[in-house]
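Below is one structure, written out as structure tokens, with a few remarks after it.
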Amino acid sequence: MAIFLRIYDIIKMITNSVAAWYEGTPRPERCYFMQFEKSCGAIVYRKFHGNIELLLIKHANGGHWSFPKGHVENNETEEETARREIFEETGLEVILDTSFREVVTYSPKKDTRKDVIYFLAKAVTYDYIPQEEEISQIKWVEISRAHSILSYDNDKQLVTKAKPLIKDMM
């Protein structure tokens with residue numbers, strides 16, 4: 001019987017310690033749930049008059065320069081999403097290179113985490129048509145000038161990683 005009383009005392013002591021710790025722990029006013037988003041796109045490139053050029057888009061919402069990308073819809077694969085978004089935003093047909101696959105993760109708004117999957121894409125067609133609702137401007141720029149135009153460091157780092165691969169493919 002004495003052993004059961006001792007076990008009871010130990011459990012009571014642990015319970016009181018946990019309760020005291022828990023009571024002293026600050027609690028948020030609201031419980032937030034993290035939302036997850038996934039987009040796919042590509043660094044689109046071409047060789048033009050001996051120079052390697054990248055396709056950059058300026059978003060109508062926010063005015064930042066980046067690469068074509070967009071949300072995964074329904075049961076699309078990452079590759080299907082990237083091709084569809086490139087075509088919707090620019091009107092270009094591309095050949096995707098999935099051996100280059102980089103993930104950029106960031107928080108576009110409070111309580112949201114977004115993964116953007118980027119591939120390389122060789123342009124098959126060069127004449128673009130901006131998607132009026134989302135894209136305010138599109139331009140081909142020499143790869144060496146891309147850093148000075150891109151708005152975000154993540155995109156600049158992508159160019160740095162992709163540059164030697166693109167040069168090897170040309």
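The basis for the numbers below is simple: all heavy atoms, side chains too, and nothing from hydrogens, waters or symmetry mates. All residue numbers refer to positions in the sequence shown, counting from 1.
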- Item | Spacing of SG belonging to C40 relative to CD belonging to E79, to within rounding of 0.5 Å |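 Between C40 SG and E79 CD, I get 8.0 Å after rounding to 0.5 Å.
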State, to 0.1 Å, how close [X] and [Y] come at their nearest heavy-atom pair, and which atoms those are.
X    : Y    : value
I149 : W65  : O-CB, 3.4 Å
Y128 : I138 : OH-O, 3.0 Å
A123 : R46  : CB-CB, 4.4 Å
E88  : Q131 : O-CB, 3.2 Å
A146 : L54  : CB-CD1, 3.9 Å
I135 : E89  : CG1-O, 3.8 Å

- Message: Tell me every residue that passes side chain to side chain contact (heavy atoms under 4.5 Å, CB included) with E73, counting only those two or more places apart in sequence or in another chain.
- Response: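 Per chain and number, E73 pairs via side chain to side chain contact (heavy atoms under 4.5 Å, CB included) with E76, R84.
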Does some side-chain heavy atom of [Y] sit less than 4.5 Å from a side-chain heavy atom of [X]?
X    : Y    : result
L92  : F87  : no
S39  : T81  : no
I117 : K38  : yes
K58  : S136 : yes
L150 : F67  : yes
R101 : E78  : yes
R145 : E53  : no

Counting distance only, does the side-chain N/O of [X] pair as donor-acceptor with the main-chain N or O of [Y] below 3.5 Å?
X    : Y    : result
H147 : K156 : yes
W140 : F48  : no
S107 : R113 : no
T125 : E93  : yes
T112 : Q35  : no
Y118 : L158 : no

- Message: Within the supplied structure, the quantity of interest is the number of heavy atoms (other residues, nucleotides, ligands) at a distance under 6.0 Å from K167 NZ; does it exceed 12?
- Response: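 Atom NZ in K167 is not crowded, with 12 or fewer foreign heavy atoms closer than 6.0 Å.
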- Task: Flag yes if more than 12 heavy atoms outside K114 fall under 6.0 Å of its NZ atom; otherwise flag no.
- Result: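 Yes, the 6.0 Å shell around NZ holds more than 12 heavy atoms from other groups.
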Shared ILVMFWY cluster between [X] and [Y], side chains joined below 4.5 angstrom?
X    : Y    : result
L56  : V116 : yes
Y45  : F119 : no
I143 : V44  : no

- Using the side-chain contact (heavy atoms from CB on, under 4.5 Å) rule, pick out the option among I43, L120, D97 that qualifies with L165.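 Exactly one pass, corresponding to L120.
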